[in-house]
Each structure stands twice: as C-alpha cells, then as structure tokens.
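So the structure is just underneath, and the comments pick up after that.
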Amino acid sequence: MKTFNEQCYDLLMQITKGKVTTYKLIAEALNTKAYRAVGNAMKNNPNVLTVPCHRVVNSNGYVGGYVNGIEKKIELLKNEGIYISDNKIINLSGYLFRF
DNA sequence: CCCTTGACCAAAC
DNA sequence: GGTTTGGCCAAGG
C-alpha cells in the first residue's frame, strides 16, 4: 500500500495540460474525505515537475495556496490557458479533469 | 497515545 | 458577497 501522498501524486500526474482539479475530487478519487490531508500532501510535494500541483484548486473556485507563491501558481495556470480573476478560477467547471 | 497543524469543505450568519 | 464555525483526515512531535 502506497502512502497517502503517493496516491495523491499518482492522480495529479494523470491530469492533462489545461485541466484542473480540486482537493475534494482528489480525496473522493481515493475514496476518502481527507481534503486537508490532500493539501498536506501537496506541501510535501517532492518536485513540481513530476507533480503538477499548480493544477489543484479549491472547490469554491479560489486558487488556494502554493509553495512558490500564489501569484506563481496563477501564472502557471494562465500559461496553460486557464485565466484567473481576483484569485479565483474563471470557469472552473469547464476545466475540471475527469479521473 | 494525545495534541497540533494544514495549499480544505459545507453550511450558517 | 465575506466571515465564522464545526467537521473532516493524515502526519509529525
């Protein structure tokens, strides 16, 4: 059995460019309700190149947090065609990734 | 084993 | 719309 964060990373790596997901969906995909634990896993993220944690946002549409700074996260998403206004995703439901 | 900490969530106000 | 409150779960001290 992989650790909780390993499972989170596996899911994140499945996300294609231009798509996003939420902490809740990740937890749901793991058949748990550890929303907060998912966030903890992101913080423990070993490497942003293998784990695109910038594609994970809050369920309410807000960007959430990022180790390198929220602005950096916004910039990365914007670079993938996802626009953000006042720290929240414009059309979240349209960009959600299907696991 | 108990307590604290989080990149959270939903509901209520 | 924002802010507060209670709940949720894993990991570390």
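A note on names: the letters A, B, ... follow the listed sequences, proteins ahead of strands, and every chain is numbered from 1.
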Starting from the C-alpha separation in whole Å, work towards a yes-or-no answer on side-chain contact (heavy atoms from CB on, under 4.5 Å) for A:L25 and A:L11.
CA-CA 10 Å; A:L25 289 178; A:L11 289 176; over 6 Å; no

Rounded to the nearest angstrom, tell me the gap between atom [atom1] in [X] and atom [atom2] in [N].
X: A:K43; N: C:dA11; atom1: NZ; atom2: C1'; answer: 10 Å
X: A:Q7; N: C:dA11; atom1: CD; atom2: C1'; answer: 14 Å
X: A:I89; N: B:dC8; atom1: CD1; atom2: P; answer: 14 Å
X: A:L76; N: B:dA7; atom1: CG; atom2: P; answer: 18 Å
X: A:L77; N: B:dA7; atom1: CG; atom2: P; answer: 17 Å
X: A:E28; N: C:dC9; atom1: CD; atom2: C1'; answer: 13 Å
X: A:M42; N: C:dA10; atom1: CE; atom2: C1'; answer: 12 Å
X: A:N40; N: B:dT4; atom1: CG; atom2: C1'; answer: 11 Å

Partner set under side-chain hydrogen bond (donor to acceptor under 3.5 Å, both in side chains) for A:K17, not counting sequence neighbours:
none

Taking only nitrogen or oxygen atoms into account, show me every contact under 3.5 Å that the protein makes with nucleotides 9-13 of chain B, one pair per line with its distance.
residue, atom, partner, partner atom, Å
B:dC9, OP1, A:S59, N, 3.0
B:dC9, OP1, A:S59, OG, 2.6
B:dC9, OP2, A:S59, N, 3.3
B:dA10, OP1, A:K24, NZ, 2.3

Minimum-distance nucleotide (side-chain atoms of A:T3 versus C:dG1, C:dA10, C:dA11)
C:dA11

Pick base, sugar-phosphate or nothing for A:A37, based on heavy-atom distances below 4.0 Å to the nucleic acid.
base

Identify whether any heavy atom of A:V67 sits under 4.0 Å from a base atom; if not, whether one sits that close to sugar-phosphate; answer base, sugar-phosphate or nothing.
base

Which of A:H54, A:K43, A:E71 passes side chain to side chain contact (heavy atoms under 4.5 Å, CB included) with A:Y66? It is A:H54

When the nearest nucleotide of DNA chain C is assigned to A:K88 and to A:F4 on a heavy-atom basis, which residue is associated with the more 5' position?
A:K88

Looking at side-chain heavy atoms only, is the closest gap between A:M1 and A:Q7 below 4.5 Å?
yes

